[in-house]
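The structure under discussion appears below in the form of structure tokens.
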Number of protein chains: 2
Amino acid sequence: MSLPNHQRFFECDSCLFKTISCQYIQKEEFEKLQSKSVQLRYKKGEVILKQGAKSTHFLFLRKGIIKFNYEDDNGKNLILSINKAPALIGGANLVNAEFNLFSVCAIEDCEGCTIDVAMLTRIALGNTLYLFKMLQFITDVFRSSIFNFISLAHKQVNGRIADILIFLSQNIYLSNEFVLSLSRQEFAEFAGCSKENVIHTLRKFHNEGVITVEGKKILLNDPERLQRISKHG
Amino acid sequence: MSLPNHQRFFECDSCLFKTISCQYIQKEEFEKLQSKSVQLRYKKGEVILKQGAKSTHFLFLRKGIIKFNYEDDNGKNLILSINKAPALIGGANLVNAEFNLFSVCAIEDCEGCTIDVAMLTRIALGNTLYLFKMLQFITDVFRSSIFNFISLAHKQVNGRIADILIFLSQNIYLSNEFVLSLSRQEFAEFAGCSKENVIHTLRKFHNEGVITVEGKKILLNDPERLQRISKHG
DNA sequence: AACGAAAGGTGAAATAATGCATTTTTTAAT
DNA sequence: ATTAAAAAATGCATTATTTCACCTTTCGTT
């Protein structure tokens with residue numbers, strides 16, 4: 001094996017990050033990135049990037065679902081955003097933060113590989129179209145969280161939970177039926193309310209026939225009614 | 001006068017945007033930017049950038065205070081962030097949004113000048129250090145709003161209002177005593193609660209001696225107690 | 001100076017949300 | 001298979017928040 005330092009789980013040739021990168025930069029340059037890169041697997045629950053730590057690398061998430069988590073002074077957690085592969089994680093630090101503002105944790109088993117920030121920056125500085133592409137990748141992650149915040153900021157819990165169900169269905173699981181990757185506690189940290197309130201509200205939606213809840217299995221029976229709750233609740 | 005198309009209110013030579021720009025790009029290039037640029041004044045309340053409109057220019061805000069405003073489907077407003085000069089406004093669009101995601105409105109009289117996005121992008125693409133500097137400018141505006149959102153998402157109204165008072169004192173007015181630029185209604189749109197709740201809460205803080213409220217004049221008597229309310233309320 | 005409109009303010013009833021105690025269910029470990 | 005621990009669920013008392021009806025002040029206009 002030509003790579004003694006680490007195990008390889010998957011082939012780089014089928015990787016989206018390589019495909020996209022090679023549209024902008026030379027193969028030789030990508031190989032420089034690749035030589036510094038390590039393939040990693042994370043089990044559900046594992047921390048990928050730790051809030052407050054110095055970040056020396058990004059992670060290109062090839063498979064899996066992650067959460068952005070902020071822990072405040074009192075130890076309370078807040079989930080800022082949930083994202084699925086493919087995504088470039090840790091980019092908030094590219095432009096102006098030396099330490100990770102948030103933690104990133106796997107909420108489903110994940111696969112990805114590290115990208116050396118210094119090397120990526122060097123290459124991107126020499127190729128502005130590539131730089132723009134990377135910035136788009138990075139800000140996508142950011143932007144998706146804004147609309148969750150808007151929901152949080154001026155809707156009541158009914159509306160917020162409806163919004164989260166719609167978000168998960170449309171952006172993460174891509175189906176009206178899914179197995180929730182979040183505990184009720186985590187759901188509450190995403191919705192900005194107590195876990196009891198999440199449970200009560202899901203039960204209410206269930207009893208009203210809008211959704212069907214069976215433990216972690218959720219089915220959106222009436223997405224349009226959910227939209228209406230989102231809009232007026 | 002060599003500039004027939006528009007009035008000039010202030011000298012470019014004392015402008016921070018010019019000073020910073022000229023650390024990275026040639027004077028001749030800056031003059032290209034300048035030739036496309038128009039000086040503008042906005043009265044308190046005026047809209048600078050309109051949500052949903054196509055943005056062909058940024059605004060370098062030289063003087064004044066602005067709010068980022070989001071209006072939802074139901075016509076409810078939400079203030080995402082408040083910023084003071086100097087700031088580069090509208091930059092959220094540099095990377096990936098064609099239409100303005102938010103409105104920007106003057107909440108104090110403002111002065112600034114337009115920056116042609118196409119021209120700035122062209123110059124920045126040829127000078128990556130300058131590009132990075134501009135991105136820093138832009139994401140600063142963004143980043144300041146994140147921590148307001150965190151406050152919104154998992155504090156109750158006491159804590160949120162304490163946070164806003166601290167924010168305004170430390171980041172906008174740079175003093176423990178200030179004349180609020182926001183109406184009570186706008187304060188509520190920033191805090192994510194009803195205007196009555198803002199009024200009740202300010203009155204309560206006043207009665208407890210933490211702050212002194214006299215119409216729009218606010219004095220933070222006991223910033224440390226406010227910090228404690230922020231942390232536990 | 002008088003007027004109307006907008007913003008600020010108040011208190012109380014109705015509604016929403018939290019926190020707690022307790023039970024049930026699920027999950028993981030031996 | 002048994003047990004312990006964690007997560008989910010429930011109902012209720014307490015607290016927080018909104019909403020409403022109404023009043024007062026401020027401010028710009030005629």
Side-chain angles (χ1 to χ4, degrees), chain A residues 43-46 67 74-79 107-109 151-164 179-208 211-218 229-230 232-233, chain B residues 43-46 67 74-79 105 107 109 151-164 179-208 211-218 229-230 232-233:
Chain A
K43 282 240 156 286
K44 181 171 178 158
E46 274 190 275
K67 65 173 177 180
N74 303 316
K76 264 178 88 173
N77 289 301
L78 174 69
I79 296 180
I107 58 172
E108 290 294 337
D109 293 354
S151 166
L152 276 176
H154 63 171
K155 289 184 188 175
Q156 310 206 158
V157 170
N158 282 345
R160 305 212 292 260
I161 289 185
D163 277 347
I164 288 177
V179 178
L180 198 60
S181 312
L182 302 166
S183 70
R184 299 296 195 261
Q185 177 60 44
E186 285 176 310
F187 199 121
E189 287 164 3
F190 198 24
C193 67
S194 68
K195 75 173 194 299
E196 290 90 341
N197 206 342
V198 170
I199 294 166
H200 288 317
T201 306
L202 289 178
R203 170 75 34 218
K204 192 175 64 184
F205 288 176
H206 176 96
N207 292 338
E208 289 168 352
I211 64 176
T212 304
V213 184
E214 237 188 279
K216 300 244 161 176
K217 251 175 62 190
I218 292 182
I229 294 171
S230 156
H232 297 112
Chain B
K43 283 240 155 287
K44 179 169 179 160
E46 275 190 274
K67 66 174 176 179
N74 304 315
K76 266 179 86 173
N77 288 302
L78 173 70
I79 296 181
C105 311
I107 58 172
D109 291 355
S151 166
L152 276 176
H154 62 172
K155 289 184 187 174
Q156 310 206 159
V157 170
N158 281 346
R160 306 212 290 262
I161 289 185
D163 277 348
I164 288 176
V179 178
L180 198 59
S181 313
L182 303 167
S183 70
R184 298 296 195 260
Q185 178 60 45
E186 286 176 310
F187 199 122
E189 287 165 2
F190 198 25
C193 66
S194 67
K195 78 167 198 301
E196 289 90 340
N197 205 342
V198 169
I199 294 167
H200 290 317
T201 306
L202 289 177
R203 170 79 30 223
K204 193 175 63 184
F205 288 175
H206 176 96
N207 292 339
E208 289 168 352
I211 64 177
T212 303
V213 184
E214 236 188 280
K216 300 242 165 179
K217 252 177 59 191
I218 292 183
I229 295 171
S230 156
H232 297 111

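Below, read A as the first sequence line, B as the second, and so on, with proteins coming before strands; counting in each chain starts at 1.
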What's the spacing between [X] [atom1] and [Y] [atom2] if we round to 0.5 Å?
X      : Y      : atom1 : atom2 : value
B/N207 : B/R203 : CG    : CZ    : 6.0 Å
A/K195 : A/N197 : NZ    : CG    : 11.5 Å
B/N74  : A/K155 : CG    : NZ    : 7.5 Å
A/I161 : A/I229 : CD1   : CD1   : 10.5 Å

Inset, instruction - For atom NZ of A/K44, decide whether the heavy atoms of other residues, nucleotides or ligands shown that lie under 6.0 angstrom number more than 12. - result: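 Yes, enclosed.
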Inset, instruction - Please indicate whether A/K217 has more than 12 foreign heavy atoms, meaning atoms of other residues, nucleotides or ligands, lying under 6.0 Å from its NZ. - result: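 Not more than 12 within 6.0 Å, no.
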Inset, instruction - Have a look at the helix from C/dA1-D/dT30 to C/dT30-D/dA1 and give the angle its two end axes make, five pairs each, rounded to 10 degrees. - result: 50°
Inset, instruction - Grab the two heavy atoms, one from A/L152 and one from A/A191, that are nearest each other, plus how far apart they are. - result: CD2-O, 3.0 Å
Inset, instruction - Can you see which heavy atom on A/S230 is nearest to which on A/A162, and at what distance? - result: N-CB, 4.0 Å
Legend entry - Residue pair A/H154, B/N77: steps toward the side-chain contact (heavy atoms from CB on, under 4.5 Å) verdict: CA-CA 9 Å; A/H154 63 171; B/N77 288 302; over 6 Å; no
Legend entry - Contact check, side chains of A/K204 and A/N158, non-hydrogen atoms, under 4.5 Å: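 Yes, their side chains come closer than 4.5 Å.
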Below 3.5 Å between N/O atoms, which protein atoms pair up with nucleotides 4-6 of chain C? Just atom names and distances, please.
none

Legend entry - Strand contacts (DNA chain C) in residues 185-198 of chain A, 4.0 angstrom heavy-atom criterion: A/C193, A/S194, A/E196, A/N197
Inset, instruction - Would you please test A/I211 and A/L202 for side-chain contact (heavy atoms from CB on, under 4.5 Å) and show each step? - result: CA-CA 8 Å; A/I211 64 176; A/L202 289 178; 3.9 Å; yes
Sequence neighbours left out, cut at 3.5 Å: what donor-acceptor pairs do the side chains of residues 182-189 of chain A make with other protein atoms?
residue, atom, partner, partner atom, Å
A/S183, OG, A/Q185, N, 3.4
A/S183, OG, A/E186, N, 3.1
A/R184, NH1, A/G215, O, 3.4
A/R184, NH2, A/G215, O, 2.8
A/Q185, NE2, A/E189, OE2, 3.2
A/E186, OE1, A/S183, N, 3.0
A/E186, OE2, A/K67, NZ, 2.8

Whole angstrom value for the distance that separates [atom2] of [N] from [atom1] of [X]:
X      : N      : atom1 : atom2 : value
A/L180 : C/dT26 : CG    : P     : 16 Å
A/R160 : C/dT18 : CZ    : C1'   : 12 Å
B/H206 : C/dT10 : NE2   : C1'   : 15 Å
B/Q156 : C/dT18 : CD    : C1'   : 7 Å
A/K204 : C/dT15 : NZ    : C1'   : 11 Å

Legend entry - Donor-acceptor contact below 3.5 Å, side chain B/D109 vs main chain B/K43: no
Inset, instruction - Test A/E196 against A/I199 for side-chain contact (heavy atoms from CB on, under 4.5 Å), laying out the working first. - result: CA-CA 5 Å; A/E196 290 90 341; A/I199 294 166; 5.6 Å; no
Inset, instruction - Could you check B/L182 against A/K155 and say which one's nearest nucleotide on DNA chain C is further toward the 5' end? - result: B/L182
Check: protein-nucleotides 27-30 of chain C nitrogen or oxygen pairs below 3.5 Å:
none

Inset, instruction - At the 4.0 Å heavy-atom cut-off to chain B, mark where contacts on DNA chain D begin and end, going 5' to 3'. - result: D/dA16 to D/dC20
Inset, instruction - From the options C/dT10, C/dA17, C/dG8, select the nucleotide whose nearest atom is closest to the side chain of B/H200. - result: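 Nearest to the side chain of B/H200 among the choices is C/dT10.
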